[in-house]
Amino acid sequence: MRAAVFVFLLVPTLALAQDAAEVRKMYEAGRYQQVVERSNDGAAPAVVYTAAQSHQKLGASDQARESYGQLAARGEDDPWHFIGMSGQQLLDGQIDAAAESARQAVAVAGNLAEAHFQLGLVLAKREDWAGAADAFDRAAELNSNMAYAHYYGGLMAYRAGRPARMANAFERFLQLAPEAPERPEVMSIMRTVRGR
């Protein structure tokens with residue numbers, strides 16, 4: 001009986017995780033409008049976060065701010081609250097505040113890939129290439145299927161003068177996101193670094 005109750009309680013969690021993975025795949029293929037359409041009031045935080053990033057890719061900063069606001073409205077015991085705050089602050093150019101919020105997200109949930117990913121975005125904005133590379137690498141370590149953690153980790157490693165690390169990250173990115181809009185850019189960087 002206990003096992004049946006556990007499975008029943010686990011099913012919604014699995015469905016939310018599956019939905020978040022599907023939405024992430026859409027984002028990785030550059031289908032930003034579809035991602036936005038999948039985000040609604042009951043969407044998982046990871047879906048809302050991906051929708052916020054999609055709004056940014058679409059040049060819709062106000063809508064991105066609203067999506068980050070949905071996350072920021074969560075309780076302070078929830079890492080997504082701080083991720084949302086950091087996203088809004090980064091949009092507003094409040095880099096120090098965005099960094100502090102991202103660090104709080106990591107402190108609340110050090111095992112949440114998106115917390116480290118958000119920290120990486122902020123550190124990249126600060127041009128702390130090595131710190132950003134480390135944050136993206138940690139995100140990729142926590143969720144090896146998070147293609148953009150590999151992509152941004154590769155870019156930051158490239159800027160930090162770590163070509164071997166960059167190549168590994170970019171190769172994984174290309175495997176995970178073969179339809180990504182950044183694919184030609186990544187291939188070009190890889191050819192340049194390899195001297196081909």
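Below, each value reflects all heavy atoms present in this structure, side chains not excepted, and no hydrogens, waters or symmetry copies. Here, residue 1 is the first one in the sequence, and each next residue gets the next number. Bear in mind the structure is a predicted one, so any value in this text is a computation, not a measurement.
For the pair Arg31/Val35, no side-chain contact is recorded, criterion being any heavy-atom separation below 4.5 Å from C-beta on. Side-chain atoms of Val186 and Leu155, non-hydrogen and from C-beta on, never get closer than 4.5 Å to each other.
When every heavy atom of Asn145 is checked against every heavy atom of Arg24, the shortest pair comes out as O-NE, 3.6 Å. Residues Gly153 and Ala169 approach most closely at C-CB, 4.3 Å, considering heavy atoms. Here the shortest heavy-atom pairing between Ala133 and Ala157 reads CB-N, 4.0 Å. In terms of heavy atoms, Pro181 sits closest to Gly30 at CG-CA, 3.8 Å. Considering every non-hydrogen atom in both Pro163 and Gly161, the closest pair reads CD-O, 3.2 Å. When every heavy atom of His150 is checked against every heavy atom of Leu176, the shortest pair comes out as CD2-CD1, 3.5 Å.
Here the CG-OG distance, from Leu71 to Ser86, works out to 11.0 Å after rounding to the nearest 0.5 Å. Atom-to-atom distance recorded for Ser39:OG and Gln63:CD is 12.0 Å, nearest 0.5 angstrom. Taking CE of Met156 as the start and CG of Leu123 as the end, the distance is 10.0 Å to the nearest 0.5 Å.
Results of the side chain to side chain contact (heavy atoms under 4.5 Å, CB included) test with Val36 over Gln33, Arg38, Gln34 single out Gln33 as the only residue that passes. Looking at His55, Gln53, Gln56 one by one, the single match for side-chain hydrogen bond (donor to acceptor under 3.5 Å, both in side chains) with Tyr68 turns out to be Gln56.
For the pair Ser188 (side chain) and Pro184 (backbone), a donor-acceptor distance under 3.5 Å is absent. With hydrogens and angles ignored, the 3.5 Å screen pairs a side-chain donor or acceptor of Ser54 with a backbone N or O of Thr50.
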What donor-acceptor contacts under 3.5 angstrom involve side-chain atoms of residues 97-117, with partners at least two apart or in another chain?
unit_1	atom_1	unit_2	atom_2	d
Ser101	OG	Gln89	OE1	2.7
Ser101	OG	Ala97	O	3.2
His116	NE2	Gly110	O	2.8

Side-chain donor-acceptor distances from residues 125-132 under 3.5 Å, at least two apart:
unit_1	atom_1	unit_2	atom_2	d
Arg126	NH2	Asp96	OD1	2.7
Asp128	OD1	Gly131	N	2.9

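Transitive grouping of hydrophobic side chains (ILVMFWY, heavy atoms separated by less than 4.5 Å) keeps Ile95 and Phe82 in distinct clusters. Both Tyr152 and Phe173 are assigned to one and the same hydrophobic cluster, defined by single-linkage of ILVMFWY side chains at heavy-atom distances under 4.5 Å. Hydrophobic clustering, with ILVMFWY side chains joined whenever heavy atoms are under 4.5 angstrom apart, keeps Leu142 apart from Trp80. Met85 and Leu119 end up in different hydrophobic clusters when Ile, Leu, Val, Met, Phe, Trp and Tyr side chains are linked at under 4.5 Å. Residues Met146 and Tyr151 share a hydrophobic cluster, clusters being chains of Ile/Leu/Val/Met/Phe/Trp/Tyr side chains in contact below 4.5 Å.
The stretch residues 166-177 participates, sequence neighbours left out, in these salt bridge (Lys or Arg N to Asp or Glu O under 4.0 Å) pairs: Glu171-Arg194. Note on residues 53-69: pairs passing salt bridge (Lys or Arg N to Asp or Glu O under 4.0 Å), not counting sequence neighbours, are Lys57-Glu182, Asp62-Arg65, Arg65-Asp92.
Every residue was checked against the side chain to side chain donor-acceptor pair (under 3.5 Å) condition with Arg162, not counting sequence neighbours, and none meets it. Residues that satisfy the side-chain contact (heavy atoms from CB on, under 4.5 Å) test with Arg183, not counting sequence neighbours, are Leu174, Pro178, Met187. The side chain to side chain donor-acceptor pair (under 3.5 Å) search around Asp134 returns Arg165, not counting sequence neighbours. Looking at residues two or more places apart in sequence or on another chain, you find no salt bridge (Lys or Arg N to Asp or Glu O under 4.0 Å) involving Glu185. Residues satisfying the ring pair (Phe, Tyr, Trp, His ring centres under 6.0 Å) test with Tyr27, not counting sequence neighbours, are Tyr32, Tyr148. Arg74 meets the salt bridge (Lys or Arg N to Asp or Glu O under 4.0 Å) test with Asp78; sequence neighbours excluded. Listed by chain and number, the residues in a side chain to side chain donor-acceptor pair (under 3.5 Å) with Glu37 amount to none (sequence neighbours excluded). Under the side chain to side chain donor-acceptor pair (under 3.5 Å) criterion, Glu141 pairs with Arg138, not counting sequence neighbours.
Salt bridge annotation for Lys25-Glu28: present, with a cationic side-chain nitrogen under 4.0 angstrom from a carboxylate oxygen.
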